[in-house]
**Q** 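To start, I am sharing the structure in question, which I have written as structure tokens.
Bear in mind the structure is a predicted one, so any value in this text is a computation, not a measurement. In this chain, residues are counted from 1 in sequence order. Only heavy atoms go into these numbers, but all of them, side chains included; no hydrogens, no water, no symmetry mates.
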Amino acid sequence: HQQEMSGVCKDHSKAIITYCTRCKCMLCKDCEKKHISHEFQDKDEFIKGIAKKIDGNLNILKKATEEFEKRLHQMNLRKSSALDKLKRRRAEKVKKAKRLEEESLK
């Protein structure tokens with residue numbers, strides 16, 4: 001809603017002050033009168049509630065990202081270790097093959 005972004009009601013040119021929890025929209029004092037027996041929440045409290053939820057979600061994402069990076073690092077260490085073992089085995093096989101070849105030539 002354009003009016004919600006500017007903070008001014010486009011129908012009444014008044015400041016938006018409340019949030020209708022039933023209709024899920026922001027209202028000025030005059031608009032509020034049309035929403036008979038609806039429940040309202042102070043606009044600032046509503047925004048603080050959303051900000052709190054977003055902060056909570058960001059913290060969850062941050063922890064998940066840290067855990068992912070930790071696991072990725074552990075996987076990279078294991079991969080590196082496995083590659084080192086393969087290189088050592090290959091080098092040992094090459095040495096052994098050369099030694100057997102030299103012995104067979106004698």
Side-chain angles (χ1 to χ4, degrees):
H1 289 77
Q2 188 70 29
Q3 65 190 43
E4 293 173 6
M5 298 300 281
S6 68
V8 176
C9 175
K10 70 175 182 174
D11 296 331
H12 303 107
S13 299
K14 293 185 177 181
I16 292 175
I17 56 168
T18 59
Y19 174 76
C20 179
T21 56
R22 187 174 184 190
C23 300
K24 312 278 189 238
C25 62
M26 301 291 240
L27 307 168
C28 74
K29 202 66 170 165
D30 289 344
C31 287
E32 219 178 73
K33 294 172 188 169
K34 296 176 192 172
H35 294 247
I36 299 167
S37 73
H38 290 197
E39 292 184 24
F40 304 105
Q41 184 177 6
D42 179 70
K43 176 186 80 170
D44 292 337
E45 290 301 315
F46 171 73
I47 291 170
K48 284 178 187 176
I50 290 175
K52 196 172 187 179
K53 286 179 187 176
I54 290 170
D55 284 345
N57 289 340
L58 287 174
N59 285 334
I60 290 168
L61 286 172
K62 182 179 176 184
K63 288 177 184 175
T65 301
E66 288 171 355
E67 182 63 28
F68 173 77
E69 288 174 346
K70 181 180 170 184
R71 288 184 181 187
L72 183 62
H73 179 69
Q74 290 171 346
M75 286 175 52
N76 285 337
L77 288 176
R78 279 187 242 137
K79 178 182 166 186
S80 175
S81 175
L83 286 174
D84 289 344
K85 285 180 185 177
L86 286 172
K87 287 177 184 177
R88 280 196 302 271
R89 285 183 189 159
R90 191 175 297 136
E92 288 170 4
K93 285 182 180 180
V94 168
K95 282 182 186 178
K96 186 176 181 180
K98 283 184 180 179
R99 191 181 43 188
L100 289 173
E101 186 181 328
E102 289 173 0
E103 288 175 2
S104 67
L105 292 174
K106 289 181 184 178

**Q** Would you give the length of the straight line joining atom OG of S37 to atom CZ of R22, rounded to the nearest 0.5 angstrom?
**A**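 Answer for the OG-CZ pair, S37 versus R22, is 5.5 Å.
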**Q** Would you mind checking if E32 and K29 are paired as a salt bridge, meaning a charged N to carboxylate O distance below 4.0 Å?
**A** yes
**Q** Evaluate the side-chain proximity of I47 to K43: yes if any heavy-atom separation is below 4.5 Å, no if none is.
**A**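 K43 vs I47: side chains touch.
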**Q** Does atom CD of E101 have more than 12 heavy-atom neighbours from other groups under 6.0 Å away?
**A** no
**Q** Students often mix this up, so state it plainly: with edges at 30° and 60°, are the rings of Y19 and F46 parallel, tilted or perpendicular?
**A** parallel
**Q** How long is the gap from SG on C25 to NE2 on H38, to the nearest 0.5 Å?
**A** 9.0 Å
**Q** I'd like to know whether R78 forms a side chain to side chain contact (heavy atoms under 4.5 Å, CB included) with Q74, so could you lay out the CA-CA distance, the side-chain angles of the two residues, the decisive distance to 0.1 Å, and finally the verdict.
**A** CA-CA 6 Å; R78 279 187 242 137; Q74 290 171 346; 3.8 Å; yes
**Q** To the nearest 0.5 Å, how far apart are NZ in K62 and CD in E67?
**A**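 The distance works out to 14.5 Å.
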**Q** Taking all heavy atoms of C9 and all of I16, pick out the closest pair and write down the distance.
**A**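 It is N-CG1, 3.8 Å.
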**Q** Measure the spacing between CG of L105 and CG of L100 and express it to the nearest 0.5 Å.
**A**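 It comes to 11.0 Å.
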**Q** What's the separation between atom CZ in R99 and atom CD in E92, rounded to the nearest 0.5 Å?
**A**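 One gets 10.0 Å once the value is rounded to the nearest 0.5 Å.
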**Q** Please find the pair of heavy atoms, one from D42 and one from I17, that lie closest to each other, and give the distance.
**A**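 Of all heavy-atom pairs spanning D42 and I17, the closest is OD1-O, 3.9 Å.
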**Q** Looking at CZ of R90 and NZ of K87, how far apart are the two atoms once the value is rounded to the nearest 0.5 Å?
**A** 8.5 Å
**Q** If you compare all heavy atoms of T21 against all heavy atoms of F40, which two are closest, and at what distance to 0.1 Å?
**A** OG1-N, 4.5 Å
**Q** Donor-acceptor check, side chain of S81 to backbone of L77, threshold 3.5 angstrom: yes or no?
**A** no
**Q** Quick check: is L58 connected to F68 through a chain of hydrophobic side chains (ILVMFWY, heavy atoms under 4.5 Å apart)?
**A** no
